[in-house]
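This report refers to the structure that appears directly beneath it.
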Amino acid sequence: MIWTTTPWTIPANLGICLNPELDYVAVDTGSEYLVVAEGLYQTVMGALGIENAKIAATFSSSIFEERNCRHPFHDRPSLLMLGDHVTLEAGTGCVHTAPGHGQDDYVVGLRYGLEVYNPVDNYGRYVKNLEFFGGMKLKDANPAVNDKLTEVGALLQQSEINHSYPHCWRCKKPIIFRATEQWFISMEEQELRSKALTEIDRVEWIPAWGRDRIFNMVAGRPDWCISRQRSWGVPITICYCEDCGEALLDAKVMHHIADQFEATGSDIWFEKDAAELLPPGTSCPDCGHDRFIKETDILDVWFDSGVSHAAVLERRDNLQSPADLYLEGSDQHRGWFHSSLLESVGTRDRAPYNAVLTHGFVLDHNGRPMSKSTGNVIAPEEVINKYGAEILRLWVAATDYRDDIRLGQETLQRLSDAYRRIRNTARYILGNLEGFDPASDMVDTEEMLELDRWALSRLAGLIERVEKAYSDYEFHVIYHAVHNFCAIDLSAFYLDILKDRIYTSPKSSIEYRSARTTIYLVLDAMTRMIAPVLSFTADEIWQKLPGQREESVHLAAAPVPNTAWRDEALEDRYEQLQKVRGAVSKVLELARGEKRIGQSLEAKAFIQAPEELLPLLQQYQQQLPAYFIVSQVELCTTLEGATMDEGIEGLRVRIDAAEGQKCERCWNYVASVGTHDEHPAICARCVDALAAAN
């Protein structure tokens with residue numbers, strides 16, 4: 001007794017499969033004996049509504065192996081076989097087997113020597129000479145087959161059920177499985193599999209898990225089926241003898257046809273008959289017949305894409321083969337990466353690429369795949385129209401492409417803010433480079449102020465990280481490194497401190513020239529670094545940068561790390577100073593909230609430092625007011641009414657009103673304001689600056 005959800009395949013039945021490990025029973029229903037798996041006996045009898053059935057015998061399935069049943073309505077046997085794919089999940093434990101219409105059926109049929117019988121033509125109809133159903137469309141076949149089973153007394157029951165069944169992803173219609181002759185490339189001939197696996201280990205896979213994924217696919221894949229039954233595509237250029245059917249496999253014939261393709265295109269295969277395509281005098285090497293018919297199958301489109309390295313890289317003088325990098329989505333380990341590898345190894349004994357980079361897919365802000373039918377697609381032009389092309393490019397660079405990535409308005413707004421931070425940093429620096437001439441105004445590193453040397457040390461580290469990130473294709477590292485440099489190192493610290501020096505120092509002074517040299521070097525390098533990502537912004541900055549330079553930043557070289565700028569000891573000291581600065585800033589905010597001060601320059605900071613930190617603060621005592629953006633700083637051994645910092649144990653800070661009067665030029669509160677008769681409203685430092693300017 002068999003059970004099937006595809007009655008239309010019963011005309012192709014050549015066997016019945018049982019599980020070799022299961023016990024089977026013969027059930028006496030009172031009128032006949034039914035053989036089913038013991039584990040499904042009660043379920044089957046319940047479905048048939050048979051209440052008084054009895055087990056007449058229990059036995060191993062092996063007693064039936066290679067015995068014959070009789071097909072219910074065709075005059076041929078149905079072979080009993082054993083197969084591990086038979087389960088107790090549903091049905092009767094006796095599986096109807098049609099080798100031409102199912103993978104498991106095909107495999108077990110090969111093992112038992114069954115014909116791969118497929119009575120269905122290319123148009124979804126039974127072949128015309130099929131008894132009872134010849135020429136019938138398969139959509140009409142299920143009820144017709146059931147009627148025939150009823151007519152011959154072979155149908156116990158029929159009913160409709162809902163179950164999972166393969167459907168075409170494009171048109172949503174059910175798939176019909178049928179065995180057809182195909183063209184294959186062997187994975188074992190010429191050691192294609194082993195050579196491909198060797199090449200996989202030679203290639204760099206980014207990320208590294210890509211190696212294991214494609215390695216396992218190639219190691220376990222069957223032979224490569226390269227033929228497809230479609231009415232469009234690149235034809236398989238094989239002709240068959242019209243008399244004996246033998247395929248004409250001859251290199252000279254192939255090249256003759258290829259020459260015609262190269263001259264006029266592959267459509268010539270569909271426009272001319274075989275006699276026009278073949279060399280004059282061609283005859284069948286087997287029977288001598290001289291008339292041929294053309295193959296109608298086309299090449300697998302993955303074969304078409306797989307040969308792109310030969311069509312592109314090997315035919316252009318400005319390119320080289322193998323490619324430095326293949327770049328595509330993570331699904332291409334099974335697709336383009338895979339077919340390119342097999343085709344190239346099979347013809348050139350090497351992979352067509354030296355490295356392969358894989359990226360994930362774009363999801364909406366809720367983590368769902370974008371789909372037109374769902375209505376959650378964010379089109380690139382929408383982003384460009386609202387935020388600009390730079391934000392879209394920045395989003396691509398800012399994400400870790402190795403995983404699926406989310407895109408939503410919140411993400412775009414956040415990146416828009418980050419972009420403005422980078423852009424405004426560049427605008428601020430450009431505004432302070434007015435009149436700067438790199439040829440005459442630059443200062444050597446040895447002459448620079450220490451704070452400027454710190455900035456260049458940080459810049460050198462940034463260049464190193466960015467250079468490595470580009471080399472490793474870790475573009476999100478570039479985004480975060482550049483953004484943090486602008487936001488933390490520059491805006492929140494260096495440029496914040498530098499404002500006083502640039503605005504108040506004489507233009508001829510080393511303080512002024514050192515500052516401008518530093519910000520020039522910073523912006524020049526940063527512009528080169530961001531050029532591959534923020535292409536338009538970088539070029540816009542480039543046009544405004546002073547000095548002689550290339551017409552476009554995209555014609556300029558990337559910045560080179562300057563090891564002479566690196567000073568790790570200096571960076572360590574400033575890291576400690578920045579921590580103290582952060583503690584002072586917190587207490588300044590408290591004082592501002594309590595209305596004890598307004599701007600930070602109205603404050604004097606009192607600091608009690610732990611023993612290990614005090615020498616550093618004493619070393620920089622003259623610079624601390626500028627670093628902390630206050631008018632005065634006093635270091636104390638004991639401090640009453642102070643706030644203890646949670647980040648640095650033993651550090652206490654108190655903010656009082658600054659001493660002295662406000663200088664109208666530098667805004668610092670200084671005791672020297674009012675002591676100069678000619679300039680009573682400014683401090684002594686500003687008086688000296690004005691004198692130097694004159």
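These figures come from a predicted structure and were not determined experimentally.
Each of Asp452, Ile510, Thr517 was evaluated against Glu447; a single residue qualifies, Ile510, per the side chain to side chain contact (heavy atoms under 4.5 Å, CB included) test. Under the side-chain hydrogen bond (donor to acceptor under 3.5 Å, both in side chains) rule, Arg573 has a single partner from Glu450, Gln578, Glu568, which is Glu450. With Ser600 as reference, Leu588 is the one residue of Leu588, Ile655, Val584 to meet the side chain to side chain contact (heavy atoms under 4.5 Å, CB included) rule.
With hydrogens and angles ignored, the 3.5 Å screen pairs no side-chain donor or acceptor of Arg685 with any backbone N or O of Ile682. Between the Asp524 side chain and the Tyr520 main chain, no donor and acceptor come within less than 3.5 Å of each other. Without hydrogens or angle criteria, Arg316 side chain to Val312 main chain gives a donor-acceptor distance under 3.5 Å. Looking at Arg652, its side chain never comes within 3.5 Å of a backbone N or O of Thr638 through a donor-acceptor pair. A distance-only check finds no donor-acceptor pair linking the side chain of Glu634 to the backbone of Lys604 [under 3.5 Å]. Thr399 contributes a side-chain N or O that, together with a main-chain N or O of Val396, makes up a donor-acceptor pair within less than 3.5 Å. In this structure, the side chain of Arg393 engages the main chain of Val533 through a donor-acceptor pair within 3.5 Å. Not a single donor-acceptor pair under 3.5 Å links the side chain of Thr527 to the backbone N or O of Ile541. When atom types are taken as modelled, the side chain of Arg501 and the backbone of Glu511 share a donor-acceptor pair closer than 3.5 angstrom. Using a distance-only test at 3.5 Å, with no hydrogens or angles considered, a donor-acceptor pair links the side chain of Asp539 to the main chain of Val553.
The closest side-chain donor-acceptor pair between Ser457 and Arg453, if any, does not fall under 3.5 angstrom. Asp417 and Gln413 are linked by a side-chain donor-acceptor pair at a separation below 3.5 angstrom, with hydrogens and angles left out of the test.
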Could you walk me through whether Arg592 and Glu589 satisfy the salt bridge (charged side-chain N to carboxylate O under 4.0 Å, His left out) test, starting with their C-alpha distance in whole Å, then the side-chain angles of each, then the deciding distance to 0.1 Å, before giving a yes or no?
CA-CA 5 Å; Arg592 189 177 290 114; Glu589 285 301 313; 2.4 Å; yes
For side chain to side chain contact (heavy atoms under 4.5 Å, CB included), just list the numbers for Gln618 and Leu635, CA-CA rounded to whole Å, side-chain angles, deciding distance to a tenth of an Å, and then say yes or no.
CA-CA 8 Å; Gln618 290 173 335; Leu635 301 177; 3.8 Å; yes
Is there a side chain to side chain contact (heavy atoms under 4.5 Å, CB included) between Glu575 and Asp572 once you walk through the steps?
CA-CA 5 Å; Glu575 183 179 357; Asp572 289 342; 4.3 Å; yes
For side chain to side chain donor-acceptor pair (under 3.5 Å), just list the numbers for Ser585 and Arg581, CA-CA rounded to whole Å, side-chain angles, deciding distance to a tenth of an Å, and then say yes or no.
CA-CA 6 Å; Ser585 296; Arg581 185 178 191 263; 5.1 Å; no
Start with the C-alpha distance between Ser321 and Arg350, add both sets of side-chain angles, then the distance that settles side chain to side chain donor-acceptor pair (under 3.5 Å), and finish with yes or no.
CA-CA 10 Å; Ser321 183; Arg350 59 163 171 76; 3.3 Å; yes
Could you please spell out the steps behind the side chain to side chain contact (heavy atoms under 4.5 Å, CB included) verdict for His333 and Trp209?
CA-CA 11 Å; His333 292 101; Trp209 55 256; 3.8 Å; yes
Is there a side chain to side chain contact (heavy atoms under 4.5 Å, CB included) between Glu659 and Ser631 once you walk through the steps?
CA-CA 8 Å; Glu659 301 168 355; Ser631 288; over 6 Å; no
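If you take CD1 on Ile530 and CG on Leu394, they are separated by 9.5 Å, rounding to the nearest 0.5 Å. Between the OG atom in Ser514 and the CG atom in Asp441 there is a gap of 12.5 Å [rounded to 0.5 Å].
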Pair up each side-chain donor or acceptor in residues 199-207 with any protein partner under 3.5 Å, not counting sequence neighbours, and list the distances.
residue : atom : partner : partner atom : Å
Glu199  : OE1  : Arg202  : NE           : 2.9
Glu199  : OE1  : Arg202  : NH2          : 3.2
Glu199  : OE1  : Ala351  : N            : 2.7
Asp201  : OD1  : Arg211  : NE           : 2.8
Asp201  : OD1  : Arg211  : NH2          : 2.9
Arg202  : NH1  : Asn354  : OD1          : 3.1
Arg202  : NH2  : Tyr353  : O            : 3.2
Trp205  : NE1  : Ile200  : O            : 2.8
Trp205  : NE1  : Val203  : O            : 3.4

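For the pair Glu464 and Arg566, the salt-bridge criterion is met [side-chain N within less than 4.0 Å of a carboxylate O]. Between Lys499 and Asp496 there is a salt bridge, since a side-chain N of the basic residue sits under 4.0 Å from a carboxylate O of the acidic one.
Annotation for Tyr494 and Ala515: closest pair OH-O, 4.1 Å, computed over non-hydrogen atoms. The two atoms that bring Ile463 and Val560 nearest to each other are CG2-C, 3.9 Å, heavy atoms only.
For Asn424, there are no side chain to side chain donor-acceptor pair (under 3.5 Å) partners at least two apart in sequence or on another chain. Considering only residues two or more places apart in sequence or on other chains, Glu594 meets the salt bridge (Lys or Arg N to Asp or Glu O under 4.0 Å) condition with Arg596. In this structure, the salt bridge (Lys or Arg N to Asp or Glu O under 4.0 Å) partners of Asp400, at least two apart in sequence or on a different chain, are Arg402.
Counted within 6.0 Å of NE2 on His365, heavy atoms from surrounding residues, nucleotides or ligands total 12 or fewer; the atom is thus considered open. In the displayed structure, Gln543 atom CD is contacted under 6.0 Å by more than 12 heavy atoms of other residues, nucleotides or ligands. Residue Glu410 qualifies as open at atom CD: its count of foreign heavy atoms under 6.0 Å is 12 or below. In the displayed structure, Asn318 atom CG is contacted under 6.0 Å by more than 12 heavy atoms of other residues, nucleotides or ligands. Around the CZ atom of Arg427, the shell of radius 6.0 Å holds no more than 12 heavy atoms that belong to other residues, nucleotides or ligands.
Using a 4.5 Å heavy-atom threshold, the side chains of Pro610 and Glu649 count as separate. Proximity of Leu521 to Thr518: side-chain heavy atoms (C-beta onward) are nowhere separated by under 4.5 Å. Between Arg213 and Thr358 there is no side-chain heavy-atom pair separated by less than 4.5 Å. Looking at heavy atoms from C-beta onward, Asp500 lies in side-chain contact with Cys666 at the 4.5 angstrom threshold. Looking at Arg528 and Trp542, their side chains come closer than 4.5 Å, going by heavy atoms from C-beta outward. With a 4.5 Å cut-off on side-chain heavy atoms, Tyr326 and Leu357 do not count as touching. Leu523 is listed as a side-chain neighbour of Leu430, based on a closest heavy-atom distance under 4.5 Å. In this structure, Val482 and Met526 have side chains that are in contact, with non-hydrogen atoms separated by less than 4.5 Å.
Sorted by first and then second residue, the ring-ring contact (aromatic ring centres under 6.0 Å, His included) pairs with a member in residues 644-682 read His676-His679; sequence neighbours excluded. Every pair passing ring-ring contact (aromatic ring centres under 6.0 Å, His included) that includes a residue from residues 574-622 is listed here, sequence neighbours excluded: Trp454-Tyr574, Tyr574-Tyr620, Tyr574-Tyr627.
Ring geometry, Tyr479 versus His483: the interplanar angle falls under 30°, so the pair is classed parallel (tilted spans 30 to 60°).
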